[in-house]
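In what follows, every heavy atom counts, from backbone to side chain, and hydrogens, waters and symmetry copies are set aside. Every chain is numbered from 1, with letters handed out A, B, ... down the list of sequences.
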Amino acid sequence: MRGENTHSVRALTRIYRTGSDEVHALRGVDLDLCSGEIVALLGPSGSGKSTLLNLLGGLDRPDGGELRFRGKDLARFDGRALARYRRRHVGFVFQSYNLIPSLTARENVELACDGAERPIAAADALDLVGLRARMDHFPAQLSGGEQQRAAVARAIAKRPDLLLCDEPTGALDSQAGVQVLEVIERCSVELGAATVLVTHNGAIAAMADRVLSLVDGKLVEARRNAPRRKARDVSW
Amino acid sequence: MLPILERKLMRELRQIAGQAAAIVLVVSCAVATAAMSFGVLRSLDQARAQYYERCRFAHLFVSLQRAPEAAGEAIRRLPGVAGVQTRLAADVAIGLADTEEPIVARLLSLPERGEPEVNAMVLRQGRSVRASDASEAVVSESFAAAHGLAPGERLSVLVGGRSRELVVVGVALSPEYVYALGPGMIAPDDRRFGVLWTGRRLLESALGASGEFNELSVRVKASASLNDVSRQIEALLEPYGAADIHGRERQPSHAFLSAMFHQIAGVGRIAPAIFLLVAAFLVHTVLGRLIETQRQHIGLFKALGIGEAAIGWHYLELVLVLGVVGIALGLAAGTILGQGLTRLYAEFFHFPFLSFEHDPPSVLAACAVSIAAMAAGALRGLRAVSRLSPAVALAPPAPPGYGRTGFDRLAPRGAAGGTMRMVLRHLGRFPQRAVLTVSGLALAVALQISMLFSFDALDRMIGFYARAETRDFAVLFARPLPYVAAEEVARWPGVLKAEGWRMLPARLASGSEARVVNVTGLAHSAMLRTLLDPELAPVPVPRQGLALPRKLASLLRVSVGDSVTLQPIGSRAPVELPVARVIEQYIGLDAYMELDALNALMPGEPAISGADLAIDPRRRAEFLRGLRDNGAVAGVSERSAVLASFRNTMLRTLTLIVSFFVAFAGLAAFGIAFSGARITLSEREREFAILASLGFGAAEVGRILALETAILLALALPLGSLLGRALAWLIVQRLDTELYRVPLVVGAHTVAIAVLVVVAAALLSTWSVARHLRRMDLPAVLNARQ
């Protein structure tokens, strides 16, 4: 199912400079994202997957090219505007969960909804990921899979336009990983977020509508899964 | 050793440069204050000891009304007495061509032949007087300098009711006047007070005291007991009425010097201790955090087979490097400050020779204690190093387990309370650290209050004198005069009002405690001088009995209603008097009673020995001109000049020391706040990055930091101001001597300054951390291994 085009990326470059060294992390990437679509980004480490994800999420700024969100060029946003963009439109799911340890699962979700236009109630978001019973636990009291599901609930509660998942199952065993993927899939379908899933696990890529392969900062392959596999059928 | 580890050390030092600098500065403050204080103390102490030895400074001082020289000879023959000097002394008014200010001089007789056996002077210019020539005088150096007097110049002295012309033949210093206070003065004023040494004959004829003396000083053999000798002298002088016999501890110059030494030693002991406490605190937090962040390095070192001792030493070395740099800086600063302070003291204390010298044992002790304090601060970190097993260290640390705290209720519900809850739970999770930071900041506030309050105390003391003494001038008559003399004085040009008083040196005793003080008889209706009670409310002169200063009452262990024995110097008949009132007095110890009651104790007609005057300010010059050749007047003191010299002396000495300490305390506050903020940053960088990824702006994240700082400050500031008061109280107790008392006053602006400095330090630190947040590499922090 493809909805409206949310992001359009043209000739995007990102160069990291350390002293006199230059690392070309992205060398001219073109990409379009649509709401309700799951895109998997595959590639070996250092290929630029995370860089592209950070640029899409407004955590970083490109050195060249265009990065438009609903027609507006994110490259021209200042820090404050980028923060506003992240707050209203982007949900992140990191490999290392990144929950705030001093807040309970519910409070973590509430914090992320602060400033969102029509957020899902924190309890409902946690219900979506199957954590209603444990929503008043602190991160240290949750298992890895539970923490990651709480992180997904936090990312989706604001009804983001863009859901970015960076190796969301990287630190989990396959059973917990599948649970997390199911949640991501459900959110993408039910909430209509454009979802980008960074992984180097080819099995996971099977649940995406589209699979893009990055090598050395360039998109080398784009293919469509027709039909894509359901998350619960994924295994590794 | 491990050169690679040392390279690592140097690189890490660069990473924690800000915190390292704070530690170095605080240690250098400790070493500098210790080196400065003990160096100055040693320099002054040595200068004084050498001076006393060279001039044969007396051990016992006796003043009495009059005794024959034969009594002095008898004292010389006492076993245990090494030397005796008898002399005549009188306070006289001096006229100088260059000045209209009233000047009082202490006239001291020199022996007929040779140098004084005891209390010799040090000639700085010219020569001593010839016994045959009654018109020669040697003047004290500071007075000569204040008036540009040199040998050959002349001055007129009103002595024995007659004006005499004296020729200056020499300029000298005396160990009795290292700190030279004139009669009625509360601080040195070299323009208005000087010492003149003349031949015996001048004073003998002026006082009609041929073959007699009124002052005696005694050097006691090292083997003899001061108390025994003192008792024997007292017995020998008994026929000549009560005498004031005291040791060096009550010789004014010596006592002031000792009080100053006592203060310097106090500063030298207390201030470095406080700074080292702060340094140990900083080491504790900074090293603790460094080791926390490097647990994986430590695990790796252990896995590589590097011994625990070597790893521990590696971290200790980091601390020691900071300690050594701090010590070096501190010694350099201590030397410069010590020299400056010595120069300042040289203005107020007149030694033949005074130069700054370090006190090696104290310097060594300060260095050793500094290193020990830093090592103690490092202890917890080092223990953590040895406790880490390599397998555990190599794995990432478990996420800190948070829980609900009682403070949660303080935060508003819902998302808005989220950041507040984060802050409260963080503080509740690491209460020890919060307590340390709060105590550190409180200490910084307290330290400043304990220093700055001295200006409030000075204001209070000056205000006290302004209220207690509304006279413009006080004149001391050459001899007691009948009451009508006050009416006569009131008719002098420029005088608006005159009130007579009588002052008697007298021995007050109760039980085994006794002091010789001036007892002043004031008219019950006196307007130009007011007694103030300990709450500083004016109280009338009691019609019966004595009004005693609080300190004197406590020295004599008496209170209102008790009785004391009063024996005027020279009198053989003690009387019992009740203590009618306890009053406040900050400088000196003077007792008061009603004028008629005082006169009733003395033989002869009622008399006054001086008068307080209110004058017409427009006719001041005329008034002073009239005084110049007035044979009835032996001394004049002007209230405004007394207060001005007091204020100036105090401000000059206080400002240097206080601003120095306030700057250091501010620095310490900054160190504490800065290291606290840096640690918050390193611990919570990830949390802040998460918030940023959720779309919180830098300002919002900065607010969390600010909120945390605000909570810590809200706890630290009241605590600090209480602690500051307590420290000030301790200092006031330490300064409570017979010479002076310092009132405990902590003004609102003192607290405000201390609070502002610490708040500024905290805000600056928070700002520097917030600035760092803006530049944070979000993806790197977010994707780092937890």
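Contacts of A:Arg88 with chain B are absent, with no heavy-atom separation under 4.5 Å from either backbone or side chain. Of the atoms belonging to A:Thr104, heavy atoms from both backbone and side chain fall under 4.5 Å from chain B.
A salt bridge links B:Glu700 with A:Arg87: the closest approach of a Lys/Arg side-chain nitrogen to an acidic carboxylate oxygen falls below 4.0 angstrom.
Around the CD atom of A:Glu22, the shell of radius 6.0 Å holds more than 12 heavy atoms that belong to other residues, nucleotides or ligands. Counting heavy-atom neighbours within 6.0 Å of A:Arg76 CZ, excluding the residue itself, gives a total of 12 or less. For B:Arg774, the CZ atom sits in a loose shell: 12 or fewer heavy atoms of surrounding residues, nucleotides or ligands are nearer than 6.0 Å.
Between B:Pro779 and the options A:Leu55, A:Asn54, A:Leu53, A:Asp166, a side-chain contact (heavy atoms from CB on, under 4.5 Å) holds for only A:Asn54.
Contact annotation: the side chain of A:Arg86 approaches that of B:Leu778 to within less than 4.5 Å [non-hydrogen atoms, C-beta and beyond]. Two residues are said to be in side-chain contact when any heavy atoms from C-beta on lie closer than 4.5 Å; B:Leu691 and A:Leu111 meet this criterion.
Most heavy-atom pairs under 4.5 Å with chain B, from the set A:Leu59, A:Val109, A:Thr51: that is A:Leu59. Per-residue heavy-atom pair counts under 4.5 Å with chain A were compared for B:Gly697, B:Ala692, B:Ala689, and the maximum is reached by B:Ala692. Per-residue heavy-atom pair counts under 4.5 Å with chain B were compared for A:Arg154, A:Glu167, A:Arg84, and the maximum is reached by A:Arg154.
Distance alone, capped at 3.5 Å, is enough to place a donor-acceptor pair between the B:Arg425 side chain and the A:Ser102 backbone.
Of all heavy-atom pairs spanning A:Asn98 and B:Arg686, the tightest one is OD1-NE, 2.8 Å. The shortest non-hydrogen separation linking B:Leu782 to A:Ser96 is O-OG, 3.4 Å.
One distance of note links CE of B:Met422 with CD1 of A:Ile100; it measures 4.0 Å at 0.5 Å rounding.
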